[in-house]
Each structure stands twice: as C-alpha cells, then as structure tokens.
Amino acid sequence: MACARLWGIPSRHETIDNAMTIAAPFPIGTPGIPWGKAEVAEWLSQRTAKRSYKSDVRDAIDSLRTRFDVVQYGRLDHCPEKFPLFALESRGARESLPYALVTGGVHGYETSGVQGALRFLDRSAAAYADRVNLVVAPCISPWAYEVIQRWNPQAVDPNRSFRPDSPSPESAALIDFVAPFRDRVIVHVDLHETTDTDETEFRPALAARDGVPYEPGEIPDGFYLVDDEEHPQPEFQQAVIAAVAKVTHIAAADRHGEIIGSPVVAPGVIRYPLKKLGLCAGVTDAPFKTTTEVYPDSPRTTPEECIEAQVAAVCAALDFVTAIRRS
C-alpha cells in the first residue's frame, strides 16, 4: 500500500464566513451507512503528503540531542522507514523529582501543538531541569502530520483511542512508553488546535464514516482549555489561561454559554471526562492535566502567535505545579 495519494481538501487557512460553512455531502461512502474496509481504503488512497515530518520535526529533534536524551519509543507500520516515534527527556532523570509530560501532534493537522512542543524544548525547558523530569513527545501522529489529517491511516482518531487494546498504533505506542513512569507524572499538557477544517472536512468525514447525519457546529474564536471532568483543577486551568491571555485572545462562550457544545465553567475552560473518552490527556493519572486548543484561523492571530501561546501554556502549567511542590 502506498503511503499516501492525492485528495483535494479545503485549505485550513482559507477564509470561512462566520468560521463555519455547511459542507457538501462527503464524497466517500453512502449516507446513513457506516464505512467498511472499502471506504476506508478509498479514503486512504486519496491522502498525500503536504509537508515533511523529517524536515519539520526529526531535524528539529536532532538539533536538540546535545541537550536532551532522545528516545525512539515506537515505529509506525505504515511507511515505518519514515515514521519512527520520538520523545525527548531530561538528561539524568532524578528519583526525587516527579515527571512532567508534554504531548503534541496527536492530531497531525494541528500544527502549533507540534511546533509549540519543539519550541518549548529549545527555548524554555532548561528552566525546569531541577524541578521536574521532563518528557516531551512532540509529534505523536507523524503520518497525519505529513498529510494534514485528524485520523491515522485506518481512519481512526488517535485522540479517542488512549485506552486498553487501543485501535490506534500511535496511541498504543504512547501508552506503552509512559507505563514505567505514569504513576509519577504530576502534570500533563496536551497541545491541540481547533480549526475551520474541523467543520469543513473533519466532522463531515466523521459523520460519513459512522453513517450518521452531519450536524454543523460552531468554531470558537480564541484559545481555550479542556479540564478533566472527573478530577477538575480550576485554579490550575485559570493560571494557564491568565498566562496565555498575555499572548493571544481567549475564546468567549457562545450564545448558549458553551464552547464546542460544552458548558463554559470558567473563562476559556470547559471539561471532558478524559479517560472515558480515551483522550491523550487522560493517559496518566496526573493530578494536573489539561488540553490546550488554539484557533489558528482567527483573523485576530497568526501561526507564530499560536505557537507562542502553546509555549506559554506549558510554562504556566509547570510554574503552577512546581510552585505548589515548593510551598
């Protein structure tokens, strides 16, 4: 099977009136009937690489090898020669320190999560060397990064697959990787984006795959966080929001008092049951965890600002947690 081939999709950077359009019927499958193997194969046959994991990510990781331990924790079976999975760790992990986990690129199309994780390592991570054992997995879904997609080649969403017997090799690899230290993780920051293509392509694709009607949603304009519904940490989330607000704007609630269909519990914060949904932020039992969401298609921001917002979120999370430990 070829790694990827062409299928034209709307540009993630094109202007979309009111941040949403009503998508045409999805071009794969029969409405009302879930996809089978043939539809998944058709979808996969229409993917093509639009950017380079090696140039954008692996080369950046190589430049950091003098400062961090680089661990290859897996390799994807589809095009394995291209898609080894890497994490970077603090040099000389200390038994006396807890672990801090940062993840990016669970959804490959969410660019600032990947680049934010790499920039944090390059610019800011050294300040935390004596406070936590850092583990950063900057690009969990490298195939999806190259083809700018939400799913993996099996048309599975890795960020609904962090559970036992995971259907996603990307998720399963991270689960296995963190297992030896998962009980020592004090904070986990999972870096994401919400984009216009969520409504113009990815949610219509999800509806088509599952054989259900597509119901248009509303894209929030700005940065927001997803807290853990089962173990909320409101002060921690607000500390991150306050730091990011200095970099980019925070999403407001919609007319229903919600962001993407969930009640806003504090400025820029909603809650999900992370483990129940199989989300990456629930991969450990860290007492402090959050999922960031920036909106790169907003006319009020830039790709650079979105990367800086991700870095600010990671630093604020680490500052909050390490301050508690010192007090």
Side-chain angles (χ1 to χ4, degrees), residues 1-12 14 16-50 76-79 83 105-110 140-173 192-220 226 256 258 260-262 272-280 282 293 297:
M1 173 173 32
C3 296
R5 294 189 182 91
L6 178 63
W7 179 45
I9 63 172
S11 166
R12 62 184 302 212
E14 67 186 352
I16 299 178
D17 292 339
N18 298 321
M20 183 183 72
T21 60
I22 304 302
F26 201 76
I28 295 173
T30 302
I33 301 177
W35 287 4
K37 291 183 179 179
E39 289 78 14
V40 172
E42 181 182 357
W43 174 84
L44 180 59
S45 74
Q46 297 173 355
R47 306 304 100 194
T48 187
K50 298 174 175 65
L76 300 181
D77 289 339
H78 44 277
C79 306
F83 299 127
V106 175
H107 290 142
Y109 72 105
E110 297 174 1
I140 288 170
S141 298
W143 177 85
Y145 178 85
E146 286 204 339
V147 300
I148 313 182
Q149 287 291 305
R150 183 179 181 90
W151 294 338
N152 70 10
Q154 293 79 40
V156 169
D157 186 341
N159 205 36
R160 297 299 184 273
S161 303
F162 288 90
R163 52 171 53 95
D165 300 318
S166 174
S168 165
E170 296 85 352
S171 308
H192 284 260
E193 294 182 347
T194 301
T195 73
D196 287 339
T197 51
D198 288 356
E199 286 296 331
T200 60
E201 185 194 358
F202 298 124
R203 289 174 188 163
L206 175 62
R209 187 198 68 182
D210 294 348
V212 299
Y214 164 57
E215 298 182 1
E218 184 173 330
I219 300 294
V226 182
H256 304 295
E258 298 176 338
I260 60 169
S262 294
Y272 281 176
L274 301 179
K275 285 189 178 294
K276 181 178 179 180
L277 293 178
L279 301 181
C280 183
E293 296 282 355
D297 299 309

Taking atom [atom1] of [X] and atom [atom2] of [Y], what is their separation to the nearest 0.5 Å?
X: Ile219; Y: Glu199; atom1: CD1; atom2: CD; result: 4.5 Å
X: Tyr272; Y: Ser262; atom1: OH; atom2: OG; result: 4.0 Å
X: Asp157; Y: Phe202; atom1: CG; atom2: CZ; result: 10.5 Å
X: Arg163; Y: Leu277; atom1: CZ; atom2: CG; result: 7.5 Å

Are the side chain of [X] and the backbone N or O of [Y] linked by a donor-acceptor pair below 3.5 Å?
X: Asp297; Y: Thr195; result: no
X: Ser171; Y: Pro158; result: yes
X: Glu293; Y: Thr194; result: yes
X: Ser166; Y: Phe162; result: no
X: Glu110; Y: Glu193; result: yes
X: Glu39; Y: Gly36; result: yes

Heavy-atom check, side chain of Arg150 versus side chain of Thr197, under 4.5 Å: no

Side chains of Pro169 and Asp77 in contact at under 4.5 Å (non-hydrogen atoms):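 When only atoms from C-beta onward are counted, Asp77 and Pro169 do not touch, as no gap falls below 4.5 Å.
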
Face-on cation placement of Arg209 at Trp43 ring, 6.0 Å and 45° thresholds: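 Geometry flag: not set, cation outside 6.0 Å or 45°.
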
Residue pair Ile260, Glu218: steps toward the side-chain contact (heavy atoms from CB on, under 4.5 Å) verdict: CA-CA 6 Å; Ile260 60 169; Glu218 184 173 330; over 6 Å; no

Aromatic ring proximity, centroids under 6.0 angstrom, Tyr214 and Phe26: no

Which atoms form the tightest heavy-atom contact between [X] and [Y], and what is the distance?
X: Val156; Y: Pro167; value: CG1-CG, 4.0 Å
X: Pro34; Y: Asp210; value: CG-O, 3.6 Å
X: Ile28; Y: Ala208; value: O-CB, 4.1 Å
X: Ser141; Y: Val106; value: OG-O, 2.7 Å

Set of residues satisfying side-chain hydrogen bond (donor to acceptor under 3.5 Å, both in side chains) with respect to Asn152, sequence neighbours excluded: Gln154, Glu170

Aromatic plane relationship, Trp35 with Trp151 - under 30° parallel, 30 to 60° tilted, over 60° perpendicular: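 Perpendicular, since the angle between the ring planes exceeds 60°.
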
His192 and His107 aromatic ring geometry - parallel, tilted or perpendicular at 30°/60° bounds: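 Correct class here is perpendicular.
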
